[in-house]
Amino acid sequence: MKRIIIVGATSGIGKEVAMIYLKTDCRIGIAGRRTDALKELQAIAPDKIEIQPIDVTQEDATDNLLKLIEKTGGMDLFLLSSGIGNQNIELKPDIEIRTAQTNVVGFTRMVDTAFNYFKQHGGGHLSVISSIAGTKGLGSAPAYSATKRFQNTYIDALAQLSHMEKLNIRFTDIRPGFVSTDLLKDGNYPLLMKADKVAKHIVHALNRKKRVAVIDYRYSILVFFWRMIPRWLWEVLPIRNDK
Ligand SMILES: NC(=O)c1ccc[n+]([C@@H]2O[C@H](COP(=O)([O-])OP(=O)(O)OC[C@H]3O[C@@H](n4cnc5c(N)ncnc54)[C@H](OP(=O)(O)O)[C@@H]3O)[C@@H](O)[C@H]2O)c1
């Protein structure tokens, strides 16, 4: 029976991925800050789901993740879906700093804990939901796009480290385009995808142990061309999502 840990499963993409895995032969440990949402999900399948409140920005998050892994009976697959994002053209400091605390500090804390767990337990599959937003710096969401780039690079680095240390850890960096969830509360977004459909793509990519999964194919094409835009041109493009 596969043991799956999902941090950031109280809503959106992480919750939909958990709903898919619930239909399979597995045990799932889920986390997030909202205890009510965790309990609601656990009530669907109390014999399959373990819960643990975790705030990734807090220092006790590492101990809480280890507690959750223990309750779940171990961990074969780790998925980090926790994240926040806002447009912030006014560069409000609290938004930029909170985003970095969650998507960089919290991310590092959780991913390193999972890496070390797998290192000590003979291996496993470490996956994160980053974003296509890490492709280039977005003027309307500086902290979000920069923190997503950090996540992409961090997973690249851990994959190399794992290889250097001859560990049996597989990595999947999931990069969705725009998904209709609570995260996208401010703005109009093109090619908007539904969270349950995106979750199906994610589970497919995880089953195939894809190293990088851009979701969906339309965004793969977009990212392919997006990468080729030279810096001088990118910096003069008027890209913003007005309300
Ligand atoms: N929606 C999109 O268009 C899109 C596109 C690309 C990538 N993504 C990425 O997908 C991931 C999931 O986002 P979503 O769209 O599903 O949004 P969402 O519905 O807002 O889900 C975000 C999840 O992160 C958790 N979270 C936030 N801050 C946390 C913290 N400090 N500690 C622990 N958990 C925390 C939330 O749980 P609690 O509030 O209970 O803590 C929630 O479960 C994010 O990393 C996001 O950047 C989203």
Side-chain angles (χ1 to χ4, degrees), residues 5-20 28-42 51-62 64-65 68 78-87 94-95 97-111 113 127-135 138 140-141 143-152 154-155 172-199 201-202 205 212-216 218-220 222-223 241:
I5 299 290
I6 305 177
V7 179
T10 48
S11 62
I13 303 169
K15 182 177 177 180
E16 294 298 335
V17 171
M19 296 301 286
I20 294 177
I28 312 181
I30 55 167
R33 290 165 303 179
R34 285 169 287 167
T35 310
D36 286 356
L38 291 173
K39 284 185 178 159
E40 233 172 72
L41 210 56
Q42 190 182 35
I51 61 172
Q52 179 66 46
I54 297 181
D55 181 341
V56 300
T57 65
Q58 300 301 307
E59 279 188 13
D60 64 3
T62 295
N64 286 332
L65 176 55
L68 179 62
F78 174 76
L79 173 65
L80 182 64
S81 188
S82 294
I84 58 171
N86 287 282
Q87 293 187 35
D94 59 319
I95 292 182
I97 289 162
R98 215 162 8 95
T99 304
Q101 275 165 350
T102 306
N103 298 358
V104 172
V105 178
F107 173 92
T108 306
R109 192 175 269 137
M110 292 293 91
V111 160
T113 307
S127 62
V128 300
I129 303 183
S130 61
S131 174
I132 59 159
T135 307
L138 297 169
S140 58
Y144 187 68
S145 55
T147 58
K148 290 298 168 178
R149 180 60 158 262
F150 172 91
Q151 297 181 351
N152 302 149
Y154 204 88
I155 295 301
T172 302
D173 179 353
I174 299 150
R175 302 177 186 176
F178 296 126
V179 190
S180 178
T181 65
D182 296 348
L183 188 130
L184 288 193
K185 50 202 169 305
D186 52 354
N188 300 310
Y189 298 89
L191 305 176
L192 197 61
M193 301 178 285
K194 289 201 169 130
D196 57 344
K197 239 179 153 184
V198 168
H201 284 292
I202 291 174
V212 173
V214 175
I215 296 169
D216 58 9
R218 297 168 303 171
Y219 282 99
S220 296
L222 189 98
V223 167
N241 280 301

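Note that ligands are numbered from 1 as they come in the structure, with each ligand's atoms numbered from 1 the same way.
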More than 12 heavy atoms of other groups within 6.0 Å of Asp60 CG:
yes

Would you check if there is a donor-acceptor pair between the side chains of Gln151 and Lys148 at a distance under 3.5 Å?
yes

State whether the side chain of Thr102 and the backbone N or O of Thr99 hold a donor-acceptor pair below 3.5 Å, judged by distance alone.
no

State whether the side chain of Arg109 and the backbone N or O of Val56 hold a donor-acceptor pair below 3.5 Å, judged by distance alone.
yes

Report all protein residues having a heavy-atom distance below 4.0 Å to some atom of ligand 1; order the list by chain, then number.
Gly8, Ala9, Thr10, Ser11, Gly12, Ile13, Gly32, Arg33, Arg34, Ile54, Asp55, Val56, Thr57, Ser81, Ser82, Gly83, Ile84, Thr102, Ile129, Ser130, Ser131, Tyr144, Lys148, Pro176, Gly177, Phe178, Val179, Thr181, Asp182, Leu183, Leu184

Does Tyr219 use its side chain to pair, donor to acceptor, with the backbone of Phe178 at less than 3.5 Å?
yes

Taking atom CD1 of Ile215 and atom NE2 of His201, what is their separation to the nearest 0.5 Å?
6.5 Å

